Amino acid sequence: MSLHTRNFSIIAHIDHGKSTLADRILELTQALPAREMKAQVLDAMDLERERGITIKAHAVTVGHRARDGETYKLNIIDTPGHVDFSYEVSRALKACEGVLLLVDASQGVEAQTLANFYLARENRLSIIPVINKIDLSLADVDHTKEQIEQVLGVDASEAILVSAKEGTNVGDVLEAIVRRIPAPRGRPQAPLKALVFDSWFNAFRGVVALVRVVNGELRVGSEIVLMSNGRRFRVEELGIFTPKPRVEERLGPGDVGYMMAGVKDVADMRVGDTITELRNQNARPLQGFREPKPMVFAGFYPIRTKDHGALHDALHKLRLNDSAFTFAPDKSDALGLGFRCGFLGLLHMEIVQERLEREFDLDLITTAPNVSYRVTLTNKEVVEVNVPSQMPERGRIERIEEPILEAAVFTPAEHVGPILDLLEKRRGVQKRFEYIASDRVHIVYDIPLSEVVMDFYDKLKSASRGYASLDYRVVDMRAAKLVKLDILVNDIPVDALSMVVPRERAYEKGKALVKKLKSYLPRQLFEVPLQAAIGRDVIARETVKAMRKNVIAKCYGGDVTRKRKLLEKQREGKKRMKTVGSVQIPQEAFLAILEV
Ligand code: GDP
Ligand code: MG
């Protein structure tokens with residue numbers, strides 16, 4: 001039976017047509033009645049899940065009658081398309097024997113094409129190159145093939161040429177999946193081994209796990225053991241997504257589906273864990289994957305102090321579904337009680353922040369994102385610092401190390417100049433520079449993560465008119481000459497504005513930061529000095545002048561409705577303000593660091 005199963009993922013750079021190709025495959029295999037088919041149907045189901053209505057369909061099973069007359073069961077395992085979530089790609093690939101490597105014929109090989117290709121190769125999967133968008137007049141199939149061979153070292157002669165949009169040659173893709181991707185191995189009589197490759201919390205059903213059975217059988221009612229923690233559960237429900245959930249009595253070798261087993265906490269059913277049965281407890285677990293590690297940190301503080309408890313609840317709820325993000329209580333002199341949160345990257349941070357505001361109706365002040373430093377003190381003690389204001393005093397520090405990325409950029413050759421400038425300015429060190437076609441360049445740099453978390457991606461996009469693509473991974477911790485820069489508003493240090501910067505750039509940064517802050521601070525009734533300091537040395541200063549008297553005078557007497565409007569406006573403006581000492585600081589000011 002598993003001879004007729006094929007498990008695969010579609011991997012691609014963003015916008016190269018993954019969702020569109022998945023739509024065509026669902027249509028061709030008649031997984032959904034035509035009237036229920038809509039564009040990017042799997043993405044739509046995922047959104048619904050986010051709101052807690054349906055469960056997600058990240059693994060879809062369809063039936064396909066191949067040209068040999070046999071019927072095959074195809075499991076399509078979905079992967080996200082952003083660098084922040086490459087660990088999610090890697091865990092999905094653990095459930096597959098092969099991938100469709102999709103490349104847009106009008107764009108060629110991009111940064112995430114290469115990154116995903118590496119993941120597939122590491123997992124020893126069969127790779128079927130598929131060249132998409134051949135209907136476009138800008139499509140250049142020969143060039144794309146050339147890049148696939150040059151950059152990926154894959155034979156492109158058997159690449160399948162498709163238009164996912166128009167449905168051209170999608171049947172050939174299905175045929176290639178059946179012919180070129182091996183059937184899963186594994187025996188139904190063998191002791192149970194199944195991999196949890198995704199899990200999430202459903203408010204009504206508890207934890208739902210996506211599983212890939214490798215050996216043996218999962219059956220409703222049977223008792224299972226999780227190898228990592230020895231906990232036992234009884235299987236309550238099994239099923240597959242077609243893409244609608246369909247209940248099954250058992251899942252056998254090669255099968256991919258969902259399982260519910262009365263698990264109340266996602267921490268008990270961790271992604272990467274191996275499910276087994278009592279008689280097999282001493283077997284070796286399946287190879288899981290690296291735990292995602294937060295790389296970017298920021299403080300979240302409620303605007304209204306009374307929302308602190310609500311924020312805590314909300315963070316806890318979000319974490320049930322997203323084990324990649326972390327939080328810990330934190331206290332800021334300037335912002336009060338809040339939480340220090342860790343994220344995989346900036347996009348991840350934005351998603352969490354948006355969900356907190358939208359789904360939980362919380363108004364937050366967010367501090368500028370920063371990285372985690374490894375600090376060796378003069379007494380040889382080593383500490384992790386992920387709050388800049390908590391960087392120890394200069395005199396106690398022997399060495400500071402920061403995370404270093406290997407960043408790969410793909411760009412049309414005409415934009416190389418400004419891109420190299422940008423990389424150099426951000427303390428990058430060139431490792432590789434190659435032409436992958438006459439007009440396309442692949443550049444690899446080592447660059448500090450702290451230089452990328454700010455606005456690097458936007459800058460890269462504008463340096464290349466939007467054409468460059470980026471992928472990166474942390475490769476190292478490296479010593480650097482860094483100092484803590486403090487900001488004082490009205491002579492009071494504002495801890496949430498502290499930042500860690502390269503020593504040789506501290507002066508320039510301090511100057512730029514107080515200047516930027518000045519533009520964000522509303523005038524007060526009194527003069528407010530803004531200072532940047534390293535330890536006790538003030539290195540830059542600006543002054544916010546006092547409000548002119550007649551501005552206030554206008555509010556007195558006169559038209560009552562106008563006065564009320566003014567007050568209302570003021571209240572609106574205050575929504576995102578924090579009072580430090582006697583000065584009101586708006587949210588934007590806390591992010592000014594991003595702009596210098
Ligand atoms: P994903 O990010 O990889 O999931 O890409 P999508 O499937 O969302 O496609 C990105 C964009 O490319 C959408 O606007 C699609 O309509 C378009 N697209 C996808 N496949 C084709 C194709 O074969 N031809 C053309 N012309 N456009 C396509
Ligand atoms: Mg998509």
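Remember, it's a predicted structure, so these values are computed and weren't measured experimentally. Both ligands and their constituent atoms are indexed starting at 1 by order of listing.
Pairs passing the ring pair (Phe, Tyr, Trp, His ring centres under 6.0 Å) check and including a residue from residues 14-37, sequence neighbours excluded, read His13-His16.
Looking at atom 3 (O) of ligand 1, its nearest protein heavy atom turns out to be Lys18 N, 2.8 Å. Nearest protein heavy-atom contact of atom 12 (O) of ligand 1 is Lys133 NZ, 3.0 Å. Annotation: atom 26 (N) of ligand 1 to nearest protein heavy atom, Asp135 OD2, 2.9 Å. In terms of protein heavy atoms, atom 8 (O) of ligand 1 is closest to Gln40 NE2, 2.6 Å. Given atom 27 (N) of ligand 1, the protein heavy atom at minimum distance is Lys165 CD, 3.6 Å. Here the heavy atom of the protein found nearest to atom 20 (N) of ligand 1 is Asn132 ND2, 3.2 Å. The nearest heavy-atom contact from the protein to atom 7 (O) of ligand 1 is Thr20 OG1, 2.5 Å.
Looking at Glu402 and Arg427, a side-chain N of the basic residue comes within less than 4.0 Å of a carboxylate O on the acidic one, giving a salt bridge. The pair Asp255-Arg250 does not meet the salt-bridge criterion, since no charged nitrogen lies less than 4.0 angstrom from a carboxylate oxygen. Between Lys317 and Glu359 there is no salt bridge, since none of the side-chain N atoms of the basic residue sits less than 4.0 Å from a carboxylate O of the acidic one.
Pairing each heavy atom of Gly254 with each of Asn75, the nearest pair is O-ND2, 3.8 Å. Residues Asn215 and Gly186 approach most closely at OD1-CA, 3.3 Å, considering heavy atoms. Closest non-hydrogen pair, Ala468 versus Leu460, comes out as CB-CG, 4.0 Å.
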Solution key, residues 413-421 side-chain donor-acceptor pairs under 3.5 Å, sequence neighbours excluded:
residue, atom, partner, partner atom, Å
His415, NE2, Ser464, O, 3.4

Going by atom type alone, with no hydrogens or angles, which donor-acceptor pairs under 3.5 Å involve a side-chain atom of residues 206-214 and a protein atom two or more places apart or on another chain?
residue, atom, partner, partner atom, Å
Arg212, NH1, Ala95, O, 2.8
Arg212, NH1, Glu97, OE1, 3.4
Arg212, NH1, Glu97, OE2, 3.0
Arg212, NH2, Glu97, OE2, 2.9

### Task
Please assess Asp455 against Arg426 for the test salt bridge (Lys or Arg N to Asp or Glu O under 4.0 Å), listing each intermediate value before the final yes or no.
CA-CA 11 Å; Asp455 55 351; Arg426 300 288 176 104; 2.9 Å; yes
### Task
Would you sort out whether Asp172 and Arg67 count as a salt bridge (Lys or Arg N to Asp or Glu O under 4.0 Å), showing the intermediate values?
CA-CA 10 Å; Asp172 292 346; Arg67 288 177 193 152; 3.1 Å; yes
### Task
Would you check, one step at a time, whether the test side-chain hydrogen bond (donor to acceptor under 3.5 Å, both in side chains) holds for Glu237 with Tyr258?
CA-CA 8 Å; Glu237 183 177 323; Tyr258 69 88; 2.7 Å; yes
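Within ligand 1, counting atoms from 1 as listed, the ones closer than 4.0 Å to a heavy atom of Asp15 are 1 (P), 2 (O), 3 (O), 5 (O), 10 (C), 12 (O). Listed by atom number, the atoms of ligand 1 under 4.0 Å from Leu136 heavy atoms are 26 (N).
Under 2.8 Å from the Mg ion (ligand 2), one finds the following protein N/O/S atoms: Ser19 OG.
Here Ser19 has heavy atoms under 4.0 Å from ligand 1 in both its backbone and its side chain. Contacts between His16 and ligand 1, counted as non-hydrogen atom pairs separated by less than 4.0 Å, involve the backbone only.
Aromatic rings of Phe300 and Phe343 (six-membered ring for Trp) have centroids within the 6.0 Å cut-off, being under it.
Annotation: Gly17 places an N or O atom under 3.5 Å from an N or O atom of ligand 1; distance criterion only. Looking at ligand 1, you won't find any N or O of Val162 less than 3.5 Å from one of its N or O atoms. Between Glu166 and ligand 1, a contact under 3.5 Å exists for no N or O pair.
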